[in-house]
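All remarks here apply to the structure that follows.
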Protein chains: 2
Amino acid sequence: MTTPQRHSWKDIRDRIHARILDRTYRPGDKLPHDEDMAQTLGCSRSTVQRAMQDLSESGLVERRRKGGTHVRPEPVARVTIEIPIIRKEVEDLGQRHGYQLLSRAALPPPAEIATRMELSAHVPCLHVRALHLAQDRPYLYEDRWINLQTAAEIDSVDLCTISANEWLVLNMPYTRCELRFFALAADADLAKALHTSPNTALFAIERTTWIDTQPITTVRTIGAPGYQLSAST
Amino acid sequence: MTTPQRHSWKDIRDRIHARILDRTYRPGDKLPHDEDMAQTLGCSRSTVQRAMQDLSESGLVERRRKGGTHVRPEPVARVTIEIPIIRKEVEDLGQRHGYQLLSRAALPPPAEIATRMELSAHVPCLHVRALHLAQDRPYLYEDRWINLQTAAEIDSVDLCTISANEWLVLNMPYTRCELRFFALAADADLAKALHTSPNTALFAIERTTWIDTQPITTVRTIGAPGYQLSAST
DNA sequence: AGAGATAATATGTAGCTACATAATAATTTG
DNA sequence: CAAATTATTATGTAGCTACATATTATCTCT
């Protein structure tokens, strides 16, 4: 055997991960230094570093210069959720997407909205309410406010043919996003729009985006009964 | 100027990102090759590659060998959520954590649970129900099933002093996790446990973990009224 | 024209050297 | 002894070379 064996960073990562899984290294334990591991595992330090970068990004280990690398003392479940364009979400379910613009008006934002967007109350906003359908049944209801100072072009967009959701995603890149997930009880309007009875428990997502310090939009998206969000690692 | 200027991958990433934000490169557009960018930006290809790795991992761009790098054609909102140990979650809110074991029994799992866990119905499981408090008020209710073949040691753990949630996180590393978020209406038991009225809309998280192909646990965690999950980028 | 095989290519990587830097440990000072 | 300063160190990185590999383009054959 004259050719030196190359080790991929994924192999190295998986070998370290296996030591965590079999509890050789437990939460809070210190792992050997990169240099020592490289020697033990027969690869270069930069390969160990690359492997550790991935383990660190997945939240399994914590790394500090000079302090070394530790298995995370208090493990968290970490999961990445992707929220696609709504039309795409429906289509990926193999269903026909439908869309209804329910209302559109240029209005000053109510105090709660202004607060959420970190916006002063006299900035002109576009208020859009819409319903997304899957196989002609209500799927998601959207109540959205758009800052007309940041996204002025949307004022001339025909929101009967493209949803504000889709137009914004395609045209307004953002640097900051705040999300929250919660449950709410349907009021009369919502119950009517989503074809359910008042007080039904509904799943809601609130999302606010900014480009640098400028608010773009805030939206409350409410799922029809049974809507859920899934993720896996 | 005789010393060559070094560019950090973060600078390079931010400069590329800025071109996406100012819409020089729009969704679906092809970015210049790494080698060309390295020349234009005055750094090495490996530095561009490192920058692109980050942009790709954040979901902004898609990279294919030979095909090149494109701004993601249909952008998604991508967010990473961390779910800590419940005790820690309460403490991080600056509140006093309390815990009540409501019930504990070794039982065969009902069909729905067995399905969720990808488990056969005669595998012995531990069924644990518990309530977590914040400042002596109900915070989260947990209904959990634990596979006694995978996590046999939990059978001898005193679950009055440490929650199953915490014990499992610290002692049962997992390789696979499935999560879903949804809303539900409180039944009589739940309403009583969470000090609310029947049919209140509640936020629920269901989480199932496996180590390799072996199911470890499945849990339905239900928040008290007003509970929400937040995340930001 | 379509299918299959081959060639080319742009990203992905291993390993190396040299350097940078955050943070920990050791030493010095009052 | 505590606080401040300095030294050390383990991770983080830039840039390079050589190589690997998934995928796209091109060519050949029927």
Side-chain angles (χ1 to χ4, degrees), chain A residues 1-20 24-25 27-74, chain B residues 1-20 24-25 27-74:
Chain A
M1 193 64 101
T2 57
T3 62
Q5 172 144 26
R6 284 164 68 110
H7 298 273
S8 77
W9 69 264
K10 289 182 181 174
D11 285 344
I12 300 298
R13 176 200 59 195
D14 293 344
R15 283 167 78 177
I16 298 166
H17 192 199
R19 295 288 77 69
I20 297 173
T24 302
Y25 300 124
D29 284 0
K30 181 164 168 145
L31 301 194
H33 299 156
D34 291 3
E35 199 115 37
D36 298 332
M37 265 201 210
Q39 207 156 19
T40 302
L41 297 173
C43 64
S44 84
R45 180 176 79 93
S46 60
T47 307
V48 174
Q49 211 276 333
R50 182 65 184 85
M52 287 296 193
Q53 181 198 324
D54 196 74
L55 289 170
S56 172
E57 270 161 18
S58 67
L60 278 174
V61 303
E62 292 181 337
R63 284 163 74 69
R64 277 203 184 12
R65 297 188 203 215
K66 186 171 162 61
T69 303
H70 294 76
V71 180
R72 194 169 180 146
E74 301 207 301
Chain B
M1 193 66 101
T2 57
T3 62
Q5 171 144 29
R6 284 161 69 108
H7 298 272
S8 76
W9 70 265
K10 288 183 179 175
D11 285 343
I12 299 299
R13 175 201 59 195
D14 292 345
R15 283 167 77 176
I16 298 166
H17 192 200
R19 296 284 79 69
I20 296 174
T24 303
Y25 300 122
D29 285 1
K30 179 163 168 143
L31 302 196
H33 298 155
D34 290 6
E35 199 115 36
D36 299 332
M37 260 197 216
Q39 206 157 21
T40 304
L41 297 174
C43 65
S44 84
R45 180 175 79 94
S46 60
T47 308
V48 174
Q49 211 275 334
R50 182 64 184 86
M52 287 295 193
Q53 182 198 324
D54 196 74
L55 290 171
S56 173
E57 271 162 17
S58 69
L60 278 174
V61 303
E62 292 181 336
R63 284 162 75 67
R64 276 201 186 11
R65 297 188 203 214
K66 184 168 165 60
T69 303
H70 293 78
V71 180
R72 194 168 180 146
E74 300 206 303

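Protein chains get the first letters and strands the later ones, always in sequence-line order, with residue 1 at the start of each.
Nucleotides of DNA chain D nearest to A:Q53 and A:G67 differ in position, and the one nearer the 5' end is that of A:G67. Each of A:W9 and A:R45 lies near DNA chain C, and the nucleotide nearest A:W9 is the one positioned closer to the 5' end. Each of A:G68 and A:R50 was assigned the nucleotide of DNA chain C with the nearest heavy atom; the assignment lying further toward the 5' end belongs to A:R50.
Between the NZ atom of B:K66 and the P atom of C:dT6 there is a distance of 18 Å, given to the nearest Å. Rounded to an integer number of Å, the gap from CZ of A:R64 to P of C:dA25 is 13 Å. Atom P of nucleotide C:dA23 and atom NE2 of A:H33 are separated by 16 Å, given to the nearest angstrom. Between B:M37 atom CE and C:dA10 atom P there is a gap of 13 Å when expressed in whole angstrom units.
Among the protein residues, B:S46 comes within range of the nucleic acid bases, having at least one heavy atom under 4.0 Å from a base atom.
Looking at A:K30, its side chain never comes within 3.5 Å of a backbone N or O of A:V71 through a donor-acceptor pair. For the pair A:K10 (side chain) and A:A51 (backbone), a donor-acceptor distance under 3.5 Å is absent.
With A:D34 as the fixed residue, the salt bridge (charged side-chain N to carboxylate O under 4.0 Å, His left out) test singles out one of A:R63, A:R50, A:R65: A:R63.
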Show me, pair by pair, the donor-acceptor contacts under 3.5 angstrom made by side chains of residues 35-42 of chain A, not counting sequence neighbours?
from, atom 1, to, atom 2, distance (Å)
A:T40, OG1, A:D36, O, 3.0

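The shortest side-chain heavy-atom distance between B:E62 and B:P73 falls under the 4.5 Å cut-off.
Protein chain A contacts DNA chain D over a range whose 5' and 3' limits, counting nucleotides with an atom under 4.0 angstrom from a non-hydrogen atom, are D:dT8 to D:dT13.
Contact between A:M52 and A:V61 at its shortest, heavy atoms only, is O-CG2, 4.3 Å.
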